[in-house]
Every structure is written in C-alpha cells, then in structure tokens.
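Structure first, then comments.
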Amino acid sequence: IWLPPLEEPEPIDRLVTRWRGRDWRDGYGDNPGLVFPVGMADLPEEHAQRVHVVDAEMDNVMVVATAQRGKSSTLMTLITAAALLYRPERVTFFCLGAALHPVEEIPHVASVVSLADGEGVSRTLATLEVLLRDREASFKRYQIDVAEFRDRRFGPARGAGTPGTDPDDKFGDVFLVVDNFGDLYESDMATGDRVIRLARQGLSYGIHVMSSASGWLVGQRQA
C-alpha cells in the first residue's frame, strides 16, 4: 500500500472531515465527547495514516516545544477544530496571549487578552473562578456531576423532562488558553498559581486549562 508523504499540513476542515467521515457542515455540532483533531499521524508499520485527536473531555491540555516550533499555531489549531465540531454553547475559550488574536473572531472565543495586560488577565481569571464557585454550588444543589451536567445540557436528557441545570450558567465546557505559561508564571507567580488552581480544581466542573510551555516543569507545584 502506498501512502503519500505528510510534507504539507492538512487544512483543519479536511482533518475534521476525515475524523467525522463527513463534512463539518453536515449535522454541524452533532458530535459526541470533546475531541479536537490536530494533525495526521503516519504509521508506516501499519501502512496507515490516521487523524490524531486530543481527547479533552476530562483533561487539561499542554503543548510543549522549544521556541518557534509552532506552539501558538497548535493552540489555534485545537481551538479551530473545536469550533468546527461543536457549537459555541458547547465549548468556549478564554485566551491569554497576543499571538492568539487571529482566532478572536471565532464565535467560540470569548476573549483574547495579551499577557502584558495585567488587568485583563486578572479579569479573565476572575471570570472563570466565579464560574467554578457557581458550578460547585449548582452541582451540589442539583446533585449532579460534570457528566450529568453535560447530558442535561447537550445529551439525550435535554428536554426530556429531566430537571435542568443553573439557567444563569450559559456555558458548556470552558477552556482557559494560556500561550506560554512560563512567561506568565515568571512575570507573576501569584497569577500563575491561580491558573494552576483552575487546572487542578476545574475538571470536575467542566473548566479546563489549555497551555503552551517550553518545558514540563514550569511552576508545577501540583501533583
């Protein structure tokens, strides 16, 4: 079996089409889970090429590479893939990092703030911290976990007579995207620790951190 070389990157809409088996516009948003196609994997020993996806439903995401190796592009690819697979009410991105401005017009992107904008960074984190506290209270009140929250909002239970979720909560899964966490942490450790707390506590409530870094061990005080 001859497979073409992967010298040219696949456009993201083509990756999504390969993953779904149909065009992204066909039944738009009708996709299970929370997976983001990000590239093609070449598997010569299997004589196969497959779409590589990041499964983010119960995880945070970290992109690690040295300088000028495409970390920002990878983050924007993940965001764009999500936008082609899910509706804005299903997944929303709050972005920190000026390099991410090209995606700010995507409906799924709530904001893009430069890391140099200390007030904007703090305001973005405060928004997600409030959402976390509200969801902690809401999940307790409705006696649900994040899986049932998703099912009531987006699954078969929606509109089927099942008690709902907090009507004031307009989001599904939410991602704080930090382009170059090392820069953020080195410039303000207290702010970096706020991001780490969100990464540690948020997954049980559908709040994720997606970051890039030049190494794995950057301000990681958590397990």
Side-chain angles (χ1 to χ4, degrees), residues 1-87 90-91 93 95 97 99-100 102-103 106 108-109 146-147 150-151 154-155 172-183 196 199-200 202-204 206-220 222-223:
I1 300 174
W2 180 83
L3 297 174
L6 297 178
E7 295 175 352
E8 294 295 326
E10 287 277 312
I12 192 62
D13 57 341
R14 195 177 301 163
L15 281 179
V16 170
T17 296
R18 283 183 180 232
W19 174 252
R20 296 185 79 216
R22 52 182 174 150
D23 188 84
W24 66 270
R25 287 163 289 217
D26 184 3
Y28 174 66
D30 183 21
N31 299 289
L34 201 60
V35 295
F36 308 153
V38 70
M40 290 296 295
D42 196 18
L43 307 169
E45 68 280 2
E46 299 180 23
H47 302 288
Q49 292 174 350
R50 297 188 189 134
V51 178
H52 178 70
V53 301
V54 172
D55 187 344
E57 190 168 40
M58 289 303 299
D59 276 307
N60 298 306
V61 179
M62 180 176 272
V63 178
V64 177
T66 55
Q68 303 301 313
R69 299 298 290 177
K71 296 187 295 295
S72 302
S73 295
T74 301
L75 292 176
M76 290 189 284
T77 298
L78 290 163
I79 292 169
T80 306
L84 292 178
L85 281 167
Y86 306 101
R87 296 182 180 88
R90 176 67 184 89
V91 59
F93 298 90
C95 301
L100 303 178
V103 297
I106 294 176
H108 305 64
V109 176
V146 69
R150 293 180 180 124
D151 191 44
F154 311 108
D173 279 77
V174 175
F175 285 77
L176 173 67
V177 184
V178 183
D179 192 19
N180 203 331
F181 177 75
D183 281 358
I196 289 172
R200 187 174 63 244
L203 291 178
S204 296
I207 299 170
H208 313 249
V209 171
M210 179 187 294
S211 63
S212 67
S214 57
W216 292 109
L217 302 177
V218 182
Q220 293 188 352
Q222 80 279 29

Shortest non-hydrogen contact from Asn60 to Ala199?
ND2-O, 2.9 Å
Start with the C-alpha distance between Asp179 and Ser212, add both sets of side-chain angles, then the distance that settles side-chain hydrogen bond (donor to acceptor under 3.5 Å, both in side chains), and finish with yes or no.
CA-CA 5 Å; Asp179 192 19; Ser212 67; 2.7 Å; yes
Looking at side-chain heavy atoms only, is the closest gap between Leu176 and Ile207 below 4.5 Å?
no
Would you name the heavy atoms of Leu85 and Pro37 that are closest together and state the gap between them?
CD1-CD, 3.3 Å
Side chain to side chain, Asp173 and Glu57, heavy atoms closer than 4.5 Å:
no
Might you point out which heavy atoms bring Leu84 and Asp13 nearest each other, and give the distance in Å?
CD1-CA, 3.7 Å
For His208 and Phe175, take the angle between the two ring planes, folded into 0 to 90°, and tell me which bin it lands in: parallel under 30, tilted 30 to 60, perpendicular over 60.
parallel
Any side-chain heavy-atom pair of Arg150 and Arg90 under 4.5 Å:
yes
Might you point out which heavy atoms bring Tyr28 and Arg87 nearest each other, and give the distance in Å?
O-NH2, 2.8 Å
Specify the closest pair of heavy atoms between Phe181 and Ile196, including all atoms of both residues, with the distance to one decimal.
CZ-CG1, 3.9 Å
Side chain to side chain, Cys95 and Leu75, heavy atoms closer than 4.5 Å:
no
Main chain of Thr17, side chain of Arg14: is a donor-acceptor contact present, judged purely on distance under 3.5 Å?
no
List the atom of Ile106, the atom of Ala83, and the distance in Å for their closest heavy-atom pair.
CG2-CB, 3.7 Å
Is any side-chain heavy atom of Val35 closer than 4.5 Å to a side-chain heavy atom of Tyr86?
yes
In this structure, CD of Gln68 is separated from OG of Ser73 (nearest 0.5 Å) by 9.5 Å
